[in-house]
Chemist: 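This structure is in structure tokens; I'll ask about it shortly.
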Amino acid sequence: FVYLSFTPVSSVIESVDQTKMFFILMCLIVLVIIEFSIFFFIYIVYKPIFSLLHEMKKFEKGDFSSRLYHGKNDEIKYIYDHYNHMVENIAQLIQDRYEQITLKQQAEIKILQNQINQHFLYNTLESIHWLCLKNEPQSAANFTMKLSMFYRLFLSNGLEMIAVRDVVSMLQNYCDIVQLRHGSKFSVDISCDEKIMDAMVCKYIFQPIVENAILHGVEQRVDGGTISIQFQQFRNRILFSVEDNGPGIPEEILMKLNQRPEDSIKIEQNNFALQCIKYQMKLIYHDDYSFNIESEINQGTIVTIDIPKL
């Protein structure tokens with residue numbers, strides 16, 4: 001006997017289609033599992049690394065508040081903790097370095113200020129001495145009173161910041177003393193904007209500029225010359241200027257005098273007063289100030305300071 005079995009073609013095709021669909025479904029499931037696995041791996045491993053790179057870029061730009069935190073006690077937390085510790089150490093080292101530089105500059109400035117004060121005091125006391133020898137008690141008394149008023153304002157109970165009105169009075173007394181010493185061979189005009197009379201400024205930065213205008217400016221003229229001192233307000237800033245009609249400053253020296261101060265003071269005997277005031281402004285106002293000297297031979301000199309109104 002011969003047995004024959006007949007299967008419809010449609011039934012075979014249907015079975016193949018079911019197998020194909022099952023295979024495709026399984027592939028999709030596997031792909032979904034793989035994608036979730038990759039996402040989970042990225043979230044667990046790469047996300048902390050990306051966070052670390054992001055914070056390191058912020059740190060490179062000078063953001064020392066950069067910190068990283070991780071809840072789990074694993075290798076990532078170990079890396080984060082050591083990164084935070086490194087940032088804190090570097091920030092502290094920079095702060096310590098800044099304080100060391102600041103203290104060093106302050107000490108150097110005090111040395112320069114003492115040189116300036118001693119120079120002026122010695123010359124004035126010598127003038128008073130000669131007036132006493134010449135039997136001119138009234139002139140000696142005027143000298144002594146002006147000197148007393150000048151140092152009362154200059155010392156100002158150890159305060160470094162005083163009102164502009166006190167600076168104006170201090171400069172007026174200083175100029176009066178110098179004029180008494182030199183027999184009023186030059187004239188001085190001091191003007192101040194009423195709006196800034198009560199503003200606070202560093203008392204050390206003005207008198208040396210006026211002194212330079214006298215010593216290297218009007219004293220070099222036979223007829224004495226004139227000095228104009230001005231305090232003006234421009235927006236929320238104070239503009240201080242001293243102009244003289246002296247012999248002027250050579251260009252090569254002028255360029256050197258207009259240089260910005262570095263991190264340390266190199267004392268040069270011929271311009272230590274100007275170095276002193278520039279470093280004093282740098283300590284107080286940081287980069288928010290300007291110091292400029294304009295001069296032409298036989299045309300005079302203008303010194304201008306621009307500082308914020310405090």
Chemist: Can you find a heavy atom in the side chain of Asn292 that is under 4.5 Å from one in the side chain of Glu294?
Modeler: yes

Chemist: Find out if a path of hydrophobic residues (ILVMFWY) with successive side-chain heavy-atom gaps under 4.5 Å connects Ile90 to Tyr80.
Modeler: yes

Chemist: In Å, rounded to the nearest 0.5 Å, how long is the span from CG of Leu133 to CD1 of Ile128?
Modeler: 12.0 Å

Chemist: Is it true that atom CE of Met56 has more than 12 heavy atoms of other residues, nucleotides or ligands lying nearer than 6.0 Å?
Modeler: no

Chemist: Just wondering, do Val164 and Cys192 contact through their side chains at under 4.5 Å, heavy atoms?
Modeler: yes

Chemist: Check whether any side-chain N or O of Lys278 sits under 3.5 Å from a backbone N or O of Leu257 as a donor-acceptor pair, and report yes or no.
Modeler: yes

Chemist: When Ile293 is tested against each of Leu254, Ile302, Ile253, Ile209 for side chain to side chain contact (heavy atoms under 4.5 Å, CB included), which residue passes?
Modeler: Leu254

Chemist: Taking all non-hydrogen atoms of both residues into account, name the closest pair between Ser187 and Thr226 and its distance.
Modeler: OG-CG2, 2.9 Å

Chemist: Are Met161 and Tyr151 connected into the same hydrophobic cluster when the rule is that any two of I, L, V, M, F, W, Y join if their side-chain heavy atoms are below 4.5 Å apart?
Modeler: yes

Chemist: Step by step, work out the side-chain contact (heavy atoms from CB on, under 4.5 Å) result for Phe291 and Val303.
Modeler: CA-CA 8 Å; Phe291 177 93; Val303 181; 4.0 Å; yes

Chemist: Kindly say whether Ala213 contributes a backbone atom to a donor-acceptor pair with the side chain of Glu211 at under 3.5 angstrom?
Modeler: no

Chemist: For the backbone of Leu159 and the side chain of Asn157, can you confirm whether one donor and one acceptor N or O come within less than 3.5 Å of each other?
Modeler: no

Chemist: Under 3.5 Å, side chain of Thr301 to main-chain N/O of Asp244, donor-acceptor pair present?
Modeler: no

Chemist: For Met197, does the CE atom sit with more than 12 other heavy atoms under 6.0 Å from it, leaving out its own atoms?
Modeler: yes

Chemist: Please check if Phe234 and Ile305 belong to a single hydrophobic cluster, counting links between Ile, Leu, Val, Met, Phe, Trp and Tyr side chain heavy atoms closer than 4.5 Å.
Modeler: no

Chemist: Given 3.5 Å as the limit, does a donor-acceptor pair link the side chain of His216 with the main chain of Asn212, or not?
Modeler: no

Chemist: Within the distance-only criterion (no hydrogens, no angle test), does the side chain of Lys282 pair as donor or acceptor with the backbone N or O of Ile277 below 3.5 angstrom?
Modeler: no

Chemist: Any idea which heavy atoms bring Ser241 and Thr304 closest together, and the distance?
Modeler: CB-OG1, 4.2 Å

Chemist: Can you measure from OG (Ser290) to CG (Leu239) and round to the nearest 0.5 angstrom?
Modeler: 7.5 Å

Chemist: Checking side-chain contact (heavy atoms from CB on, under 4.5 Å) for the pair Leu125/Phe143: CA distance, chi angles, key distance, verdict?
Modeler: CA-CA 9 Å; Leu125 291 176; Phe143 255 115; over 6 Å; no

Chemist: Any heavy-atom pair between the side chains of Arg237 and Asp288 that's under 4.5 Å?
Modeler: yes

Chemist: If you count heavy atoms of other groups shown closer than 6.0 angstrom to CG of Asn89, is the number above 12?
Modeler: yes

Chemist: Do Val242 and Ile227 come within less than 4.5 Å of each other through their side chains, counting heavy atoms only?
Modeler: yes

Chemist: Between Glu88 and Asn84, is there a side-chain donor-acceptor contact under 3.5 Å, judged purely by atom types and distance?
Modeler: no

Chemist: Rounded to the nearest 0.5 Å, how far does OG of Ser169 lie from CG of Leu153?
Modeler: 5.0 Å

Chemist: Could you tell me how the ring of Phe154 sits relative to the ring of Tyr204: parallel (under 30°), tilted (30 to 60°) or perpendicular (over 60°)?
Modeler: perpendicular

Chemist: Does the side-chain contact (heavy atoms from CB on, under 4.5 Å) test come out yes or no for Gln232 and Ile238, once each step is laid out?
Modeler: CA-CA 6 Å; Gln232 298 174 305; Ile238 296 174; over 6 Å; no

Chemist: Go through it in stages, so that I can follow the logic: the residues are Lys203 and Asp166, the test is salt bridge (Lys or Arg N to Asp or Glu O under 4.0 Å), and I'd like the CA-CA distance, side-chain angles, deciding distance and then a yes or no.
Modeler: CA-CA 9 Å; Lys203 63 186 179 183; Asp166 291 332; over 6 Å; no

Chemist: Can you find a heavy atom in the side chain of Ile205 that is under 4.5 Å from one in the side chain of Cys202?
Modeler: yes

Chemist: Going by the angle between their ring planes, with limits at 30° and 60°, are Phe240 and Phe231 parallel, tilted or perpendicular?
Modeler: tilted

Chemist: Where the side chain of Glu243 meets the backbone of Ile229, is there a donor-acceptor pair that is under 3.5 Å apart?
Modeler: no

Chemist: Could you report the tightest heavy-atom contact between Ile162 and Ser156, atom names first, then the distance?
Modeler: CG2-OG, 3.6 Å

Chemist: Assess the residue pair Tyr174 and Met170 against the criterion (side-chain contact (heavy atoms from CB on, under 4.5 Å)); give the C-alpha distance rounded to whole Å, side-chain angles, the decisive distance to 0.1 Å, and a yes or no.
Modeler: CA-CA 6 Å; Tyr174 173 79; Met170 182 177 68; 5.7 Å; no

Chemist: For Gly248 and Ser295, which heavy atoms make the closest approach, and how far apart are they?
Modeler: CA-OG, 3.2 Å

Chemist: Below 4.5 Å, heavy atoms only, C-beta onward: do Asp198 and Arg165 meet side chain to side chain?
Modeler: yes

Chemist: Report yes or no: do Leu310 and Val167 belong to one cluster of Ile/Leu/Val/Met/Phe/Trp/Tyr joined by side chain heavy-atom distances under 4.5 Å?
Modeler: yes

Chemist: Search all heavy atoms of Met281 against all heavy atoms of Ile307 and return the closest pair with its distance.
Modeler: SD-CG2, 4.1 Å

Chemist: Mind checking whether Lys309 and Ile196 have side chains closer than 4.5 Å, heavy atoms only?
Modeler: yes

Chemist: CG of Asn142 to CG of Leu147: how many Å apart, nearest 0.5 Å?
Modeler: 12.5 Å

Chemist: How many angstroms lie between atom CZ of Arg221 and atom CZ of Phe186, to the nearest 0.5 angstrom?
Modeler: 13.0 Å

Chemist: Could you walk me through whether Lys57 and Glu60 pass salt bridge (Lys or Arg N to Asp or Glu O under 4.0 Å), step by step?
Modeler: CA-CA 5 Å; Lys57 289 179 180 179; Glu60 287 177 355; over 6 Å; no

Chemist: Has the side chain of Ser37 got a donor or acceptor atom that lies under 3.5 Å from a matching backbone atom of Ile33?
Modeler: yes

Chemist: Give a yes-or-no answer on whether the side chains of Asp81 and His85 include a donor-acceptor pair shorter than 3.5 Å.
Modeler: no

Chemist: Any chain of hydrophobic side-chain contacts (each under 4.5 Å) joining Trp130 to Met145?
Modeler: no

Chemist: Got a second to check how far Gln172's CD is from Met149's CE, nearest 0.5 Å?
Modeler: 9.5 Å

Chemist: Under 4.5 Å between any side-chain heavy atoms of Cys175 and Val210, yes or no?
Modeler: yes

Chemist: Might you confirm whether atom CD of Glu296 has over 12 heavy atoms from other residues, nucleotides or ligands at distances under 6.0 Å?
Modeler: no

